[in-house]
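A, B, ... follow the sequence lines: proteins, then strands. Residue 1 opens every chain.
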Amino acid sequence: MDKYIPADIETKWQRVWEEERSFEVPDPETPGGADRSEKSYVLEMLPYPSGTLHMGHVKNYTMGDVIARFRARNGAIIFHPMGYDAFGLNTENVAIKTGIHPAELTRINTGNINRQLHRLGVSIDWSRELATCDPEYYRWTQYFFLKFFERGLAYKKEAPVNWCPSCATVLANEQVVQGGCERCSTPVETRSLAQWFFRITDYAERLLDDFKQLESWPERVITMQRNWIGRSEGAEVIFRVDGLGIDVPVFTTRPDTLFGATFFLLAPEHELVETLVAGTEYENKVRDYVTSSRLKPLVDRAMAEREKTGEFTGRYAVNPVNGEKIPIWVSDYVLMEYGTGAIMAVPAHDQRDFEFARKFGIEVRVVVSGEGVGAESGPGLEAAFEEEGALVNSGRFDGMLNRDAGAAITEWLNGESLGRAAVSYRLRDWLVSRQRYWGAPIPIVYCDKCGTVPVPVDDLPVLLPDVEDYAPKGKSPIATNEEFVNTVCPVCGGPAKRETDTMDTFVDSSWYFLRYTDPRNDREPFDRAIANYWMPVDQYIGGVEHAILHLMYARFFTKVLYDMDLVAFEEPFNNLFTQGMIYYQGAKMSKSKGNVVNPDDHVENYGADTLRLYILFMGPPELDVEWQDQGIEGTFRFLGRVWRLINEIIEKAPADSAAGFEGLGGDIIKIVRKANQTIVKVSGDVSERFRFNTAISAVMELVNDTYLVKDELFQSDAGRGVLRFTAETVVKLLDPFAPHICAELWERLGHRRLWQEPWPRADERFLEDETYELVVQVNGKVRDRLQVASSAGKEDLLAAARASGKIAKYTGGKQLVKEIVVPGRLVNIVVK
RNA sequence: GCGGGCGUGGCGGAAUGGUAGACGCGCCAGCCUUAGGAGCUGGUAGGGUUCUCCCUGUGGAGGUUCAAAUCCUCUCGCCCGCACCA
């Protein structure tokens, strides 16, 4: 028998799959009318080509591959494409460091990843491969930007953003790590800059509503998105500035506490601040305060524990419910981005307002009374009372329960045109412009005469120009390329300048799953009918770190495309599976910690099959697991065991051995049953629960059992027939996990293409054992175990239990209370 | 602070109301071998023991049930997300 040499087998079959284009899937001839019931779009999040694949990727792509191969063998038409999220800061930073052009780096890295995925034997339709940095791809990313612009969903506005003074560039929120720049750790500042945004807030309600369309998204991910969107119900209440006659709306979730408002706050960025103080004695102090808070990093301002600061404006606001005049202050704990940038402050019932009032000596007035807190408790209060209670100091609403009073007060305000019920979201519009090089240029032109003009669709793509120096300087590096910047206005033909910002890479990855369906289309981003045929994705798999950003942006994009009638569905991913991370030596693998386990090394040492099998065997795929160097040895040994077992069977049990297992007994039939039971177990574990670890251990059991009886079974023709059957079952069941060794063994078993073979079905006749071990308990404690016939009824089981001498020992002389019989499991005799 | 998750042998884990610890790692023993870091077989929660049983045991305490790792209440520890969002 030859030795198991993974390298030889794996290259052999990878070549076959490539030459025969085994996993390519053509579009249906008439996609509009095609039957979609058998199609299955299996998708793993596309990799960012920052170098080579790490273990997390291997887990991701192996899981996807197991699902794809399993479904394919169960009759599905599998759509399983791959691409690269190839634009991005990471590559650009490496480029700056190494002097290698980002395009060249990307070419090298995508090449590596392509090679690694081939070496892992992942069943991908390579004919649909794409890279988001390819002009043929980003042309359509730009196209969508224009479509968004057309619909008013892309707009430019001045906004406070995170600024890294050392890198001289803006950073996305997610690129700010603990108040510092992710690249150089320099504390970030806040700057106000004109930026492009996508109006995702318009879709907040639908993003929330459509969770109900999602079939099996992890609760955790939905909760995270729900929190991120942060929907709050409340009221908008209009306060009038005394003496100036200006109306200022505020948003509050506590209209029930309106009578307790004792001051009024504006965010430092609020446009009204200047109007209120201009020409007054408060002017300078307030301006200084505004300036200093603008300099504070956004992250710092968001610290809940910070001491409250503020400045009085000298003006008063009129509380619409009681006509009371309350002082208007400016404070940086009020955020311009949320609600209206102005709030009514109710110190008795809001901890933040309470701290502010105490610091500046402002009245604390109780309007909701409860345990230990009454109408007169305000001055002595030690903390805000945020519990439920009855209204006091609230005029005609006194005595009402506060949870009813909110609606009543809102209704009253509505009648007086002083307010209305309102909903507010924590979600902000999506900042998509970046002053960096390696991204898709925003297809906009600025003309002195015509203003902001979109590039005509026919002129796309706006190619990313080559520049000498793409180090960040505060402006996009392409701004220095005169040839690029200077252009003509598409409307008037006069001189104009191009937008030089590029798009956030999350834009690129918000629609790639659609492009896969029609990746070479050069007339439109994709054909509507073809996309509608393959989409939505039936199973999406990726890391939980994308729970909010990528997954929410992709959902948003899909909804916009639906509104444009470009697709017929509103959610892109019907089912989502988030995999756990792989730790090593108690920590996340990272280059800086030096605890990286390189997949290539393990493919080299043990082969791809062993690596795939081990990664899935480690534990439930959704949980974080710890990589164990010795663990992988175990799976390698197992595959060696399989190899030797099957080859021995091929040798000693010829293909023409007896078939049909009727009338067999003893160990022989036990193995037949075990094989059939394993078919059921593996099928269920893989299809219903993605429990690959238990599926693999079931196959291990079958292999172990077979080892124990094989020498006996080789002696008879019937036994040899059973071993053949067992060998084929093992190979078929193991195939999705370890496809190379199984393809090889299948061929050696005298067949051809295992991946085209139907998934095995269990034979009902050989599923149930003839006898089983019945547990007999007395008062819930196991006292005996009896072999009983599977066919035995409740009475038989009870009789057998009573007849046991061991049981009699515990029941003797006691009074029988109850007897519980669970056929197939146990008998429990309760005595007193 | 709010929200979510997790806690089972030396280790990864299995069991989702019915035999706790499947399967694998590690370890121990036997066989085979010139040798083995190969292969095959057996053992391996803790304690007791008359060697066949007995007791204890799923972070801790209580409860429901004939029966709880599993359901409920409280509590401790760890991890993740959000966090001045009015």
Got a sec, which residues hit salt bridge (Lys or Arg N to Asp or Glu O under 4.0 Å) with [X], two or more places apart in sequence or on another chain?
X: A:Arg358; result: none
X: A:Arg612; result: A:Asp65
X: A:Glu626; result: none

Short N/O separations, protein against nucleotides 11-13 of chain B, under 3.5 angstrom:
{"residue": "B:C11", "atom": "O2'", "partner": "A:Gln628", "partner atom": "NE2", "Å": "2.8"}
{"residue": "B:G12", "atom": "O2'", "partner": "A:Met618", "partner atom": "O", "Å": "2.7"}

Phosphate contact (B:A86 OP1 or OP2) by A:Ser232 side-chain N/O below 4.0 Å: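 Yes, such a contact exists.
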Could you tell me how far apart [X] ([atom1]) and [N] ([atom2]) are, to the nearest whole angstrom?
X: A:Phe638; N: B:C25; atom1: CZ; atom2: P; result: 11 Å
X: A:Met336; N: B:A86; atom1: CE; atom2: P; result: 16 Å
X: A:Arg426; N: B:G81; atom1: CZ; atom2: C1'; result: 10 Å
X: A:Ile696; N: B:G24; atom1: CD1; atom2: P; result: 12 Å
X: A:Asn779; N: B:A68; atom1: CG; atom2: P; result: 12 Å
X: A:Gln777; N: B:G18; atom1: CD; atom2: P; result: 11 Å
X: A:Asp784; N: B:G18; atom1: CG; atom2: C1'; result: 17 Å
X: A:Asp350; N: B:A83; atom1: CG; atom2: C1'; result: 14 Å

Side-chain H-bond candidate by donor/acceptor type, A:Gln787 with A:Thr771, under 3.5 Å: yes
Side-chain donor-acceptor contact under 3.5 Å, A:Arg641 with A:Asn704: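 Their side chains do contain a donor-acceptor pair, which is all the 3.5 Å distance test asks for.
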More than 12 heavy atoms of other groups within 6.0 Å of A:Arg428 CZ: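 Atom CZ in A:Arg428 is packed in, count exceeds 12.
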Atom CD of A:Glu795 with >12 non-hydrogen neighbours under 6.0 angstrom: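 Atom CD in A:Glu795 is not packed in, count stays at 12 or less.
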Which part of the nucleic acid, if any, lies within contact of [X], taking any heavy atom under 4.0 Å across all strands shown: a base, the sugar-phosphate backbone alone, or nothing?
X: A:Leu265; value: nothing
X: A:Glu819; value: nothing
X: A:Gln351; value: nothing
X: A:Gly634; value: sugar-phosphate
X: A:Val334; value: base

Under the side-chain hydrogen bond (donor to acceptor under 3.5 Å, both in side chains) test, residues paired with A:Asp247 that sit two or more places apart: A:Arg240
Side chain of A:Leu335 (C-beta onward), nearest among B:A14, B:G81, B:A86: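 Taking heavy atoms from C-beta onward, the closest nucleotide is B:A86.
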Gap in Å between the two [atom1] atoms, one belonging to [N] and one to [M], rounded:
N: B:C78; M: B:C72; atom1: P; value: 24 Å
N: B:U56; M: B:U49; atom1: C1'; value: 14 Å
N: B:C11; M: B:C27; atom1: P; value: 15 Å
N: B:U41; M: B:C32; atom1: P; value: 15 Å
N: B:G24; M: B:U44; atom1: C1'; value: 14 Å
N: B:G21; M: B:G46; atom1: P; value: 14 Å
N: B:G12; M: B:G26; atom1: P; value: 15 Å
N: B:U64; M: B:C74; atom1: C1'; value: 15 Å

From CA spacing to verdict: side chain to side chain donor-acceptor pair (under 3.5 Å), A:Tyr289, A:Thr309: CA-CA 9 Å; A:Tyr289 182 77; A:Thr309 59; 2.7 Å; yes
With a cut-off of 3.5 Å and sequence neighbours excluded, list every side-chain donor-acceptor pair involving residues 819-832 of chain A.
{"residue": "A:Glu819", "atom": "OE1", "partner": "A:Arg802", "partner atom": "NH2", "Å": "2.8"}
{"residue": "A:Glu819", "atom": "OE2", "partner": "A:Arg802", "partner atom": "NE", "Å": "3.0"}
{"residue": "A:Glu819", "atom": "OE2", "partner": "A:Arg802", "partner atom": "NH2", "Å": "3.1"}
{"residue": "A:Asn828", "atom": "OD1", "partner": "A:Gly780", "partner atom": "N", "Å": "3.0"}

Any residue of residues 820-830 of chain A with a heavy atom less than 4.0 Å from an atom of RNA chain B: A:Ile820, A:Val822, A:Arg825, A:Leu826, A:Asn828, A:Val830
For A:Leu207 against A:Arg555, the heavy-atom pair lying closest together: O-NH2, 2.6 Å
Nearest heavy atoms of A:Ala357 and A:Val364, plus distance in Å: CB-CG2, 4.1 Å
Anti/syn call for B:G13, syn if |chi| within 90°: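 Here the answer is anti: the torsion falls beyond 90° from 0.
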Consecutive Watson-Crick or G-U pairs in runs of at least 3, all under 3.5 Å, in which RNA chain B is involved: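 Stems (3+ consecutive pairs) listed as B:1-7 with B:76-82, B:10-12 with B:23-25, B:26-31 with B:39-44, B:45-48 with B:53-56, B:59-63 with B:71-75.
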What nitrogen or oxygen pairs link the protein and nucleotides 49-55 of chain B at under 3.5 Å?
{"residue": "B:C53", "atom": "OP1", "partner": "A:Lys806", "partner atom": "NZ", "Å": "3.2"}
{"residue": "B:C54", "atom": "OP1", "partner": "A:Tyr810", "partner atom": "OH", "Å": "2.8"}
{"residue": "B:C55", "atom": "OP1", "partner": "A:Arg783", "partner atom": "NH1", "Å": "3.4"}
{"residue": "B:C55", "atom": "OP1", "partner": "A:Arg783", "partner atom": "NH2", "Å": "3.2"}
{"residue": "B:C55", "atom": "OP2", "partner": "A:Arg783", "partner atom": "NH1", "Å": "3.1"}

Taking the six-membered ring for Trp, are [X] and [Y] parallel (under 30°), tilted (30 to 60°) or perpendicular (over 60°)?
X: A:Phe263; Y: A:Phe356; value: parallel
X: A:Phe577; Y: A:Phe690; value: perpendicular
X: A:Phe239; Y: A:Phe264; value: tilted

Electrostatic pair A:Arg365-A:Glu324, nearest N-O below 4.0 angstrom: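 Yes, A:Arg365 and A:Glu324 are salt-bridged.
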Within the sub-3.5 Å range, which N or O atoms of nucleotides 33-39 of chain B have a protein N or O partner, and how far apart are they?
{"residue": "B:G39", "atom": "O3'", "partner": "A:Arg644", "partner atom": "NH2", "Å": "3.2"}

Between A:Trp643 and A:Phe636, ring centroids under 6.0 Å: no
Return the polar atom pairs (N/O with N/O) between nucleotides 29-31 of chain B and the protein under 3.5 Å, or none.
none

Residue pairs passing the salt bridge (Lys or Arg N to Asp or Glu O under 4.0 Å) test where at least one lies in residues 628-639 of chain A, sequence neighbours excluded: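 As it turns out, there is no salt bridge (Lys or Arg N to Asp or Glu O under 4.0 Å) pair with a partner in residues 628-639 of chain A once direct neighbours are skipped.
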Distance (rounded to the nearest 0.5 Å) between A:Asp2 CG and A:Asn647 CG: 6.0 Å
